Amino acid sequence: MESPRDRRPPDSRRPSRDAGRSRWWNAAWLDVLQFTVFVAGLLGLAVSGAIGMGYNWQWYRVPEYLVRIVEGELLWGPLAHGLLVTLELTGWSVLVTLAIGLAAALLRLSDSFSGRIVAKVYVEAVRSTPLLIQVYLFYFVLGPILGLDRFWVGVLALSIFEGAFAGEVIRAGILSVRRGQWEAGASLGLSRRQLYRSVVLPQAVPLMLPPLTGIVISLVRNSAIVSVIAVFDLTTEARNIIAETFLSFEIWITVAAIYLAFTVALSVAANRLEHHVRA
Amino acid sequence: MIELDGVSKWFGAFQVLRDVRLRVAEGERIVICGPSGSGKSTLIRCINRLEEHQEGRVVFAGRELGADAAGLTEVRREIGMVFQEFNLFPHLTVLENCMLGPVRVLGMTPADARERAMEFLVRVRIPEQAGKHPAQLSGGQQQRAAIARSLCMRPRVMLFDEPTSALDPVMIKEVLDVMNDLAQSGMTMIVVTHEMGFARTVADRVAFMDEGSIVECLPPDRFFTNPADERTKRFLSQIL
Ligand SMILES: Nc1ncnc2c1ncn2[C@@H]1O[C@H](COP(=O)(O)OP(=O)(O)OP(=O)(O)O)[C@@H](O)[C@H]1O
Ligand SMILES: [Mg+2]
């Protein structure tokens, strides 16, 4: 029998929210899965190739590039330093990406015609040029003009790239809040700012979290691209080590495993956060 | 208190409101009825400017509604609105729904706002639901919570857009009882509804709308027994 609860207006039943959530969910895990399959494929290829060409495996030499113990003291190796730089790079980039994304989303949803155009052109331009080209553009053109060092050029290039995607995610989240919610808030006399803060974002943010996790994971992966401007991140350190030692298989496999561990850890953390926000 | 003077509105090429004139005095209760699509919702939404009109003037308490955003929030806090779909904030409890406006807009302390919210939740007879989220309430309870939320702003006017159309008969009565109480307390009310029993007993005047115009606006005894216009007669014969 149908209870009154089942006949609540669509507003409170939130069917679309749950449907949307499970879809985004898969997207975040799909990202990790793709990466895992990719790494596994690479591994398989490497092993079979190595056997074929009689590669001389020297795994015992790898740990010293992560961490060494000299006279009872712990010394971090270049890979650990690289990881730290990658962490720092992505950490800052996440913050700037969210700021840019929020600004782009609000601009696109604003009443200002020119604001909407600017935001739209930004999103389209960023999405239709390769990240590598954007990094070069920042490094050779904007960096010198703004007087930024490599690290911040990297942060800015990554954030502007991912900010376009984050902007779309945030915009979609905001648009998913029903019109009646805006109207109810407005009829109480809330200003636009208060509406966003007290009514719209609290409902939209839980929806945004899973796709934003996907963006953070893609930030981690794309942070490797800034190694082309010689920021001493994980990928750059790996290349330097290989140039000296020719341990290419061992080091690349190790580096891939580190990225993988990082992104999986992020997914798990985001998953926790999401449950926390929904509760 | 409210004056609509020659208000016209178009959605694209389609004219929804045609030269609407209506004056509502303080304490007066107006019921608006009419066929679907005649522009009833659009009309009352023009009063707190959820819709913008293109011609004519909408004046509330001596202030004309225009594009000025600051003045608009000033006016809106004095006009309560109740929607067909309730539109409670699903992420907040009933109590928090009622406290949001007083705290954010009126700048009350949470303690004062809580006290006021409980006072109005008692008035709409759901104090025991205060700690629940809207999704845990029946439709009738949700609509009464929405009424309490509006009343917590101590508005000078209450607008209702088909407040009972999404409800079962039992719940309709719960909501109408609350609206009756409100009318008894002297609140100025503009109510779009097809509850003709409510119109008969509570309204000072009943307006009939058709194709964007107010065809006639009469006291209920005359409206129900002796309407002037053919269209009103036809509508009444269908609905009664
Ligand atoms: N945002 C909009 N854009 C275009 N047309 C609209 C919009 N809102 C309403 N209309 C049209 O304006 C007309 C009047 O709508 P309105 O909602 O005011 O009617 P109503 O009298 O409240 O009807 P109902 O009894 O169905 O609620 C309808 O024909 C509707 O299709
Ligand atoms: Mg309507």
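All values reported here derive from a predicted model rather than from experimental measurement. A, B, ... follow the sequence lines: proteins, then strands. Residue 1 opens every chain.
Defined by atom type and a distance below 3.5 Å, a donor-acceptor pair is present between the side-chain atoms of B/Arg104 and A/Ser198.
Using a 4.5 Å heavy-atom cutoff, the side chains of A/Leu188 and B/Arg149 are in contact. Counting heavy atoms from C-beta outward, B/Arg76 and A/Ser187 have side chains that stay 4.5 Å or more apart. Looking at heavy atoms from C-beta onward, A/Leu190 lies in side-chain contact with B/Val105 at the 4.5 angstrom threshold.
Residue B/Arg49 does not touch chain A at all, counting heavy-atom pairs closer than 4.5 Å. Contacts of B/Glu51 with chain A are made by side-chain atoms alone, with heavy-atom separations under 4.5 Å and no backbone atom involved. Only the backbone of B/Ile79 comes within less than 4.5 Å of a heavy atom of chain A; no side-chain atom from C-beta onward does. Both the backbone and the side chain of B/Phe89 come within contact range of chain A, each with at least one heavy atom under 4.5 Å from a heavy atom of that chain. For A/Arg192, no part lies near chain B; criterion is any non-hydrogen pair under 4.5 Å.
Counted within 6.0 Å of CD on B/Glu115, heavy atoms from surrounding residues, nucleotides or ligands total 12 or fewer; the atom is thus considered open. Under a cut-off of 6.0 angstrom, the local environment of CH2 in A/Trp152 is crowded, with over 12 non-hydrogen atoms contributed by other residues, nucleotides or ligands. Heavy atoms of other residues, nucleotides or ligands lying less than 6.0 angstrom from CZ of B/Arg63 number more than 12. Residue A/Phe113 places its CZ atom among 12 or fewer non-hydrogen atoms of other residues, nucleotides or ligands, all under 6.0 Å distant. More than 12 non-hydrogen atoms from other residues, nucleotides or ligands lie less than 6.0 angstrom from CZ of A/Arg221. Heavy-atom neighbours of A/Arg116 CZ from other residues, nucleotides or ligands within 6.0 Å: above the threshold of 12.
Without hydrogens or angle criteria, A/Glu183 side chain to B/Asn87 main chain gives no donor-acceptor distance under 3.5 Å.
A distance of 11.0 Å separates CD in A/Gln181 from CD in B/Glu85, rounded to the nearest 0.5 Å.
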Working for side chain to side chain contact (heavy atoms under 4.5 Å, CB included), residues B/Leu92 and A/Val199:
CA-CA 9 Å; B/Leu92 301 178; A/Val199 176; over 6 Å; no

